[in-house]
Amino acid sequence: MYTAHPDRYADLPYRRTGRSGLKLPAISLGLWHNFGPDRPVDTQRAILRRAFDLGVTHFDLANNYGPPPGAAESALGEALKADFGSYRDELVISTKAGYLMWPGPYGEWGSRKYVLSSLDQSLSRMGLDYVDIFYSHRPDPETPLEETMGALHSAVQQGKALYVGISNYSAEQTREAARILGELGTPLLIHQPRYSMLDRRPEDEGLLGALDELQVGSIVFSPLEQGLLSSRYLDGIPEGSRAASDSPFLNSDAVTEDLVGQLRALNEIAKGRGQTLAQLALAWVLRGGRVTSALVGASSPQQIEDSVAATRNLDFDADELARIDAIVRP
């Protein structure tokens, strides 16, 4: 029988999400990879337990996470039943709908039929009555935004979600989504963009500015850039790494000599701060409080421990920030 650590709220900072009443841990656990039938169940459970013991109260999923699609939600459902039944009210559980889940014209994108059917399926897989946050995972170029946002509003009205969010939306789309939801009476809580030291699009394309203006929270995915911003690639591509596999998210062509040189230079800055490169990358996205939370994956309890340790030093001086920019944006 699992019993959570009594001091789980002692160290990890929590940040208010936009102008809502919801606070999220600075580090959240994403179940994108490592939660499926190809991974040992004992390892999956150990990761979730260690995360919660460290104060990571937010578990982030999507309908298509696995592999195969749906497997991560099913795995979390089993873990909730086995370990977290008495802690449900301490957990923030999110899921998303937008990518392909079943064949035919109603199995992806942003129609009301797909979005609400997907949520029902997600709840069934996780054994839950509601999720805390329900996202539109990507904008649908053909369905009116009013329909997709209306479906999110309905999820809240039906008691199947407490809050709603969007992911992979542009700054302009985010402003329009927030306007529609505001008129419906269900505020836009949060946006989930990809953001890292190596991927500055949320800055460059005005998304972070729009979120500031709208007072909407943000939780960033791939802050370690699919593992590039870790110690794994400081000497090139190691065997067994994602870049050495047939992963569609990172391939060997991305790991150039120039990139390895950048990673080594960033690692020197991290050493000067008493951090690993991964901890530097997480601290950088969390700097200044502009980002609410950073989503990390973990293949072991140790990895979640290392990620949480990044929050012990989130302060950067102007020289450090300038040196980082000089390396990645010469």
Does [atom1] belonging to [X] count more than 12 external heavy atoms closer than 6.0 Å?
X: Tyr106; atom1: OH; answer: no
X: Glu172; atom1: CD; answer: no
X: Arg88; atom1: CZ; answer: yes
X: Asp317; atom1: CG; answer: yes

Query raised in the report: Which class fits the ring pair Tyr195 and Trp284: parallel under 30°, tilted 30 to 60°, perpendicular over 60°?
Result: tilted

Pairing of [X] and [Y] as salt bridge, 4.0 angstrom limit:
X: Arg290; Y: Glu203; answer: no
X: Arg8; Y: Asp53; answer: no
X: Glu176; Y: Arg179; answer: yes
X: Arg200; Y: Glu205; answer: no
X: Arg264; Y: Asp235; answer: yes
X: Asp315; Y: Arg287; answer: no
X: Arg125; Y: Asp120; answer: no

Query raised in the report: Should Phe59 and Phe52 be marked as a ring pair (Phe, Tyr, Trp, His ring centres under 6.0 Å) after you check the CA-CA gap, both sets of side-chain angles, and the distance that decides it?
Result: CA-CA 9 Å; Phe59 299 156; Phe52 190 58; 7.1 Å; no

**Report entry** Pair Ser94-His58, side-chain donor/acceptor within less than 3.5 Å
**Finding:** yes

Quick check: closest heavy atoms across [X] and [Y], and the distance to 0.1 Å?
X: Ala298; Y: Ile47; result: O-CD1, 3.3 Å
X: Val164; Y: Thr186; result: CG2-CG2, 3.8 Å
X: Ala71; Y: Pro37; result: CB-CD, 3.7 Å
X: Gln303; Y: Gly297; result: OE1-O, 4.3 Å
X: Pro25; Y: Thr57; result: CD-OG1, 3.4 Å
X: Leu211; Y: His191; result: CD2-CB, 3.8 Å

Can you tell me how far [atom2] of [Y] sits from [atom1] of [X], rounded to the nearest 0.5 angstrom?
X: Ser118; Y: Phe134; atom1: OG; atom2: CZ; answer: 5.5 Å
X: Ile190; Y: Leu24; atom1: CD1; atom2: CG; answer: 5.0 Å
X: Asp132; Y: Asp60; atom1: CG; atom2: CG; answer: 11.5 Å
X: Asp319; Y: Ile324; atom1: CG; atom2: CD1; answer: 10.0 Å

Requested in this report: I would like to know whether Glu73 and Thr95 meet side-chain hydrogen bond (donor to acceptor under 3.5 Å, both in side chains); could you show each step before the answer?
Outcome: CA-CA 9 Å; Glu73 289 180 331; Thr95 196; 2.5 Å; yes

Query raised in the report: Does a side-chain heavy-atom distance below 4.5 Å link Ser122 with Val131?
Result: no

Report task. Taking the side chain as every heavy atom from C-beta outward, state whether Leu295 and Gln192 have any atom pair closer than 4.5 Å. Result -> yes

Query - Under 3.5 Å: donor-acceptor pair, side chain of Arg273, backbone of Asn313 - result: yes

**Report entry** Result of checking Trp102, Tyr114, Tyr99 against Asn63 for side-chain hydrogen bond (donor to acceptor under 3.5 Å, both in side chains)
**Finding:** Tyr114

Query raised in the report: Can you check side-chain hydrogen bond (donor to acceptor under 3.5 Å, both in side chains) on Ser154 and Gln157, steps first, answer last?
Result: CA-CA 5 Å; Ser154 291; Gln157 294 298 105; over 6 Å; no

Query - Output field: ring centroids Phe35/Tyr65 closer than 6.0 Å - result: no

